[in-house]
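Here is the structure we will look at.
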Amino acid sequence: MKFQLKHIFLLAGALLAFTPVIGVDYFLDKYIKNEAVSRYQESVNTITSRNQSAVSSAIIAMKKVISQSPSLCTPTFVSNVQKQLLANQQLAQIIVENKDRVQYCNGYNSVTEYILTSAELPILDGAETIAIAQVFGTDIPMLRISSQIGQNKIISAFIHLNADLSGILPSSIINNAYLRIGLTNGTKIITSGDVINDVEGEVIHSKVVLSSISNSIPIVTRMTISFDSVRAVFADLYLILTIAALIFAVSFLVFVFYAIRKSNIPSIDLERAIIKGEFHPYYQPVVNLKTGQLLGCEVLVRWVKKDGTVLSPGFFIDLAESSGLAVPMTIKLMEQVREDLSELSKQQPELKIGINLFEGHFRNSIIVDDVKAIFSDSNVLFSQLVFEITERRPLTNQIAVDAVVGGLQALGCKLALDDAGTGYSNLAYMERLGVDIIKIDRVFVNMIGSGTTSVPILDGLISMAFDLDAEIIAEGIETEDQAVYLRARGVVQAQGFLFAPALKKDTYIELAQQMNKPAKTESLQEETSDKIKKKAA
Ligand code: MN
């Protein structure tokens with residue numbers, strides 16, 4: 001029992017407590033990526049809509065120039081073009097040319113030389129096409145929007161695309177953002193910022209990727225932000241949540257620690273308790289219902305802990321049995337009983353001492369040797385000992401059972417069937433075991449109320465015990481009515497709170513000396529018995 005249940009609970013508690021601390025980063029990263037997408041998507045949309053309206057404005061400008069001029073390339077036409085160039089910031093040039101790119105006129109009355117670096121793509125809902133144009137003498141590609149006039153002539157507007165994020169993104173993000181504007185067929189037009197491993201994909205670990213497609217022109221804007229810069233924006237949130245998670249973890253751990261300490265879990269270190277001698281025999285008197293004499297006792301184990309708490313077997317006996325510790329515990333108890341009752345046994349060698357055995361004692365006959373070793377050469381006689389067989393667990397090894405029962409009886413000890421009528425015991429079994437005494441379980445005694453005239457099952461048990469020539473001890477007697485009923489049925493031996501609970505050694509010895517003094521009168525006996533009960537309570 002070195003590694004106890006409480007350690008498992010403590011470990012589980014610790015893991016549970018620190019889960020939020022470990023989880024903060026993971027969940028916050030996920031949260032922040034989502035948050036960044038919804039926060040910064042607007043900026044990308046803004047860039048797209050700016051460029052979309054620049055295209056629309058250019059188309060409107062060309063239409064105005066045509067409608068307000070008598071014919072192409074007249075002085076009025078050129079001056080109207082110039083008016084539009086002044087009015088539209090992103091509009092760089094309007095030219096008229098033929099299909100062989102021979103220019104007829106433009107806004108500045110000079111030839112604008114350019115090449116197309118992409119295919120011409122149609123604009124949705126319009127007669128115009130767009131393409132990327134590299135104008136000689138400039139570094140940055142422009143967008144050419146063209147519309148055919150008549151059979152051979154083409155009017156084209158050249159616009160600068162807007163990739164300016166200032167004012168629509170925090171500068172710490174702009175410095176770590178890469179913006180790319182391209183055609184929907186993939187051709188790049190312009191970019192801004194440093195390339196951040198610009199790979200297609202939505203939100204991936206080291207970066208946040210946002211994109212926006214215009215609904216009328218074949219242009220895609222995509223922005224990639226390094227995740228570190230996004231994280232930096234939320235630094236406070238990380239700190240607050242990490243601190244909160246730590247506070248939670250520590251509080252939870254303290255809570256688990258105290259909960260475990262308050263519960264019974266930590267105390268179940270049976271092995272240590274046996275070594276430290278924390279198990280003590282208590283003695284519950286067995287009395288004669290007819291004479292009021294003390295007949296002996298049943299040894300009941302109590303766990304007296306360092307802090308003075310006294311635990312009944314109910315708290316630990318299952319664990320003692322299942323862990324095999326019931327056997328060494330019994331040896332310690334018997335040694336203590338030998339010391340405790342040495343003097344009393346010399347004075348009253350007829351007093352019986354009931355000792356509980358467990359299923360573990362019936363797997364081999366070692367207990368017989370232990371009993372021999374402990375009680376030979378002691379004041380406690382074998383004839384005083386009554387070994388009680390409990391049947392909370394079935395006894396399966398019949399050969400070993402016979403060896404133990406036979407071995408103890410050969411020493412002169414008696415065998416009692418404990419809790420008779422419950423557990424695994426059945427009528428045939430009781431007979432085969434060859435027990436000397438049958439202890440009737442308290443559940444049957446409890447059936448006797450005031451005015452009860454018969455309890456068939458109890459009456460049956462009693463008459464069966466008589467048939468088997470066994471002695472009877474009734475357990476758990478709490479009322480006068482029960483004592484009277486049992487006495488009327490011929491039951492002589494009894495134990496229960498009506499007489500006394502399990503007593504400490506000194507109290508038991510005092511009781512035995514008072515009750516069994518030959519000279520005592522009945523009234524004095526009762527008086528002593530009352531005194532003892534008060535003491536025990
Ligand atoms: Mn018992």
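Residue numbers run from 1 in the order of the sequence given. Just so you know, ligand 1 is whichever comes first in the structure, and atom 1 is the first atom listed for that ligand.
Look at Glu475 and Lys439 and you find a salt bridge, because one of the NZ, NE, NH1 or NH2 atoms lies within 4.0 Å of a carboxylate O, short of that distance.
Taking CD1 from Ile353 and CD from Glu298, the interatomic distance works out to 12.5 Å, rounded to the nearest 0.5 Å.
Counting just the N/O/S atoms of Glu388, the one with the shortest distance to the Mn ion (ligand 1) is named OE1.
Arg231 forms no cation-pi arrangement with Phe234, by the criterion of a distance under 6.0 Å to the ring centre and an angle within 45° of the ring axis. Geometrically, Lys504 does not engage Tyr283 in a cation-pi contact defined by less than 6.0 Å to the ring centre and at most 45° from the axis.
Here Asn356 contributes OD1 and Asp418 contributes OD2, and at the Mn ion (ligand 1) these two atoms make an angle of 80°, given to 10°.
At least one N/O/S atom of Glu298, whether from backbone or side chain, sits less than 2.8 Å from the Mn ion (ligand 1).
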